[in-house]
Amino acid sequence: MGGGVNPPVVTLVEPEDPDIGDPVGAERMFTAECDQQATLTVYLDDDPDPVYQSDPGVQEVSYTFESAPLGQHMVRVVAANENGTGENYWNWNVYQYADCHVLSGPYLDFFIRHYRCGSSGCAGGSGFWSNAVCLENAVMRYARAGKSTPYTNVLAGCYWMEKIGCSEHCYVELVFNLDIYIVAVMNSSLVPSFGHAVCAQYLGGEMDMFSNWRFFQYDNLNITPGDWQMPYGSEWQETRVEIKEVIDIPNCGQYDGRPVATFLIDHEGNVR
Amino acid sequence: MTGVLGGEEHDNDPVGSKKNVIIALLMIAITVTCGILYWIQPIMQQKETEKVVEMERELPLEIQEELDDVRREKGFAVTRGVIDETNRTIVLYVVGMSDKQLNRLQEKRVGNWTVTSVPDIEYIRKMETTRAELMRLEKDPKMQIAGFTMDVGPGETEVNMWVYNLTPENQALDGQKIHGWTIHIWKALTPTPTGTKG
């Protein structure tokens, strides 16, 4: 192999198969090699701007896409040197799983596994996905169901995905303006120590009446004491349920809250 | 008097001269003390009429109702209120108020009170210093931090922090104070395929 006067030839290394598919949101690394030293440039679809260009005089290029939009794509590698140009490409099908939840109404009634930041104005996420836990799931639920408009400048740049293979959603693609609060449920005497974040909807009346709140998180739209998300206290310590009004959302996975009501659940499930 | 202050008698009667100096010093001290009292007294009187409250429910009822009304636009916290019973003024120190809300509560007449809200700069500064430190820790993979929340309100200096996994590094942080804020570490709980916590 080597120089000569023949134009460079590009070979697909990883994946070797030119026809591949991934669920939406999945990362994919592409590696190609060239039989001569050349400048190797990676393109996506018909975009004339390359997604990556190597230095001159290399024989291998790798590039990882964080993900691509749903649909059929072409990833093309072009080699160029003094002998001419050569290219090769992959057909990359980015598909969506069929078992993703369909959104309807103000409540998200399933566990959301991933979140990331991105363009403002719900124009699309960018960067790698982070794992979402209870806190981010609570912020997502507040953003959709609650009075989150004052925080649109942040929330319209936040995106979630139920799981790899499901489509991406902006936190505030719809806002329902319900009276939603975020709640910390804590008991350090339980084994293991219990600390959880859920949401609560204020139903009206006195805020210090437990029955005037409905708690929800993940797939449970009505969490009650005794549920794994709101365990009874132990004999040594009651479970604290601290309800907080959101007063700021500095980023996609954080909130500042003003405590408005606190309830204690004893080891028999009594609430005070 | 001129003789008293004259150089000749000073030289001739050192005891009298010393006495005059002491009298002069006493007069100066009395004058200064009177002056200070003259200026300080009104301030002290004003302070006596002021009361600092930390809980919103300790504010006059009509002020609480006004705050509830302002809160319809956006949540915020009152960290303290300074009530001047004599002049019927209330200054509210707040965190999280929008500019619109702050403008709405500028020398606003509410019942028999005049209410003004101001950002609690000191509280906000401490909070942001703490947040910056926590976000720095968030970048450390050994901390395994998934996210955190900060409580805001009178005397509220609690941070709840969720971690993906417990590590010696994040467990060492549990219960510690950062710039006066107490950190509580919790292992994040998410559903497992069997429906229980994981």
Side-chain angles (χ1 to χ4, degrees), chain A residues 110-113 115 130-139 142 146-151 177 179-188 192-198 207-208 217-220 227-229 231 240 242 244-260 262, chain B residues 56-57 67-68 71-79 94-101 124 127-128 130-132 134-135 138 144-156 158-166 171 174-175 184-198:
Chain A
F110 47 91
F111 171 39
I112 297 168
R113 288 175 168 77
Y115 77 105
S130 297
N131 290 328
V133 297
C134 56
L135 177 60
E136 291 83 12
N137 269 264
V139 173
Y142 169 81
K147 296 176 177 174
S148 62
T149 311
Y151 315 109
N177 275 311
D179 230 346
I180 306 295
Y181 294 69
I182 299 184
V183 184
V185 185
M186 299 167 290
N187 191 326
S188 56
S193 183
F194 184 93
H196 192 35
V198 304
M207 280 192 162
D208 53 9
Q217 173 67 297
Y218 299 145
D219 59 349
N220 191 341
D227 187 276
W228 77 261
Q229 299 194 69
R240 276 179 80 83
E242 290 183 0
K244 295 158 195 194
E245 176 191 42
V246 173
I247 69 160
D248 195 14
I249 298 188
N251 60 49
C252 305
Q254 253 187 50
Y255 78 92
D256 298 337
R258 175 182 74 99
V260 295
T262 299
Chain B
E56 269 187 46
R57 62 174 177 269
L67 289 175
D68 287 343
R71 209 165 250 137
R72 288 175 202 277
E73 183 201 323
K74 179 191 174 301
F76 59 84
V78 178
T79 51
V94 298
V95 178
M97 256 194 189
S98 68
D99 290 344
K100 192 174 158 193
Q101 288 171 314
I124 294 167
M127 192 174 171
E128 292 313 316
T130 308
R131 192 196 309 282
L134 295 174
M135 290 180 78
E138 212 169 14
Q144 288 283 302
I145 296 171
F148 62 89
T149 73
M150 299 180 82
D151 285 357
V152 183
E156 291 289 351
E158 305 287 320
V159 171
N160 284 311
M161 180 175 272
W162 278 271
V163 297
Y164 294 115
N165 294 296
L166 291 173
Q171 284 187 293
D174 191 25
H184 304 282
I185 300 288
W186 308 105
K187 185 182 181 305
L189 302 168
T190 53
T192 62
T194 54
T196 56
K197 66 186 177 183

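Naming convention: chains lettered A, B, ... in sequence-line order (proteins, then strands); numbering from 1 in each chain. Every value quoted in this text rests on a predicted model; they were computed, and no experiment measured them.
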Problem set entry | Verdict with reasoning, A/E245 to B/K74, per side chain to side chain contact (heavy atoms under 4.5 Å, CB included) | CA-CA 10 Å; A/E245 176 191 42; B/K74 179 191 174 301; over 6 Å; no
Exercise. Any idea which heavy atoms bring A/N131 and B/Y164 closest together, and the distance?
Worked result: O-OH, 2.7 Å
Under a 4.5 Å heavy-atom cut-off, does chain A meet the side chain of [X], its backbone, both or neither?
| X | answer |
| --- | --- |
| B/M97 | neither |
| B/E56 | side chain |
| B/M161 | neither |

Exercise. Of all residues at least two apart in sequence or in a different chain, which pass the ring pair (Phe, Tyr, Trp, His ring centres under 6.0 Å) check with A/F111?
Worked result: A/Y218
Exercise. Which is it for B/W186 and A/H196 under the side chain to side chain contact (heavy atoms under 4.5 Å, CB included) test, yes or no, and what are the steps along the way?
Worked result: CA-CA 8 Å; B/W186 308 105; A/H196 192 35; over 6 Å; no
Exercise. Do you know which of B/R131, B/E73, B/E158 has the most heavy-atom pairs under 4.5 Å to chain A?
Worked result: B/R131
Exercise. B/L134 versus A/Q254: any side-chain heavy-atom pair under 4.5 Å?
Worked result: no
Exercise. So do the side chains of A/L135 and B/T149 get within less than 4.5 Å of each other, counting heavy atoms only?
Worked result: yes
Exercise. Which region of A/T149, side chain (C-beta onward) or backbone (N, CA, C, O), has a non-hydrogen atom less than 4.5 Å from a non-hydrogen atom of chain B, or is it both or neither?
Worked result: neither
Problem set entry | B/T190/A/R113 under side chain to side chain contact (heavy atoms under 4.5 Å, CB included): CA gap, chis, key distance, verdict | CA-CA 9 Å; B/T190 53; A/R113 288 175 168 77; over 6 Å; no
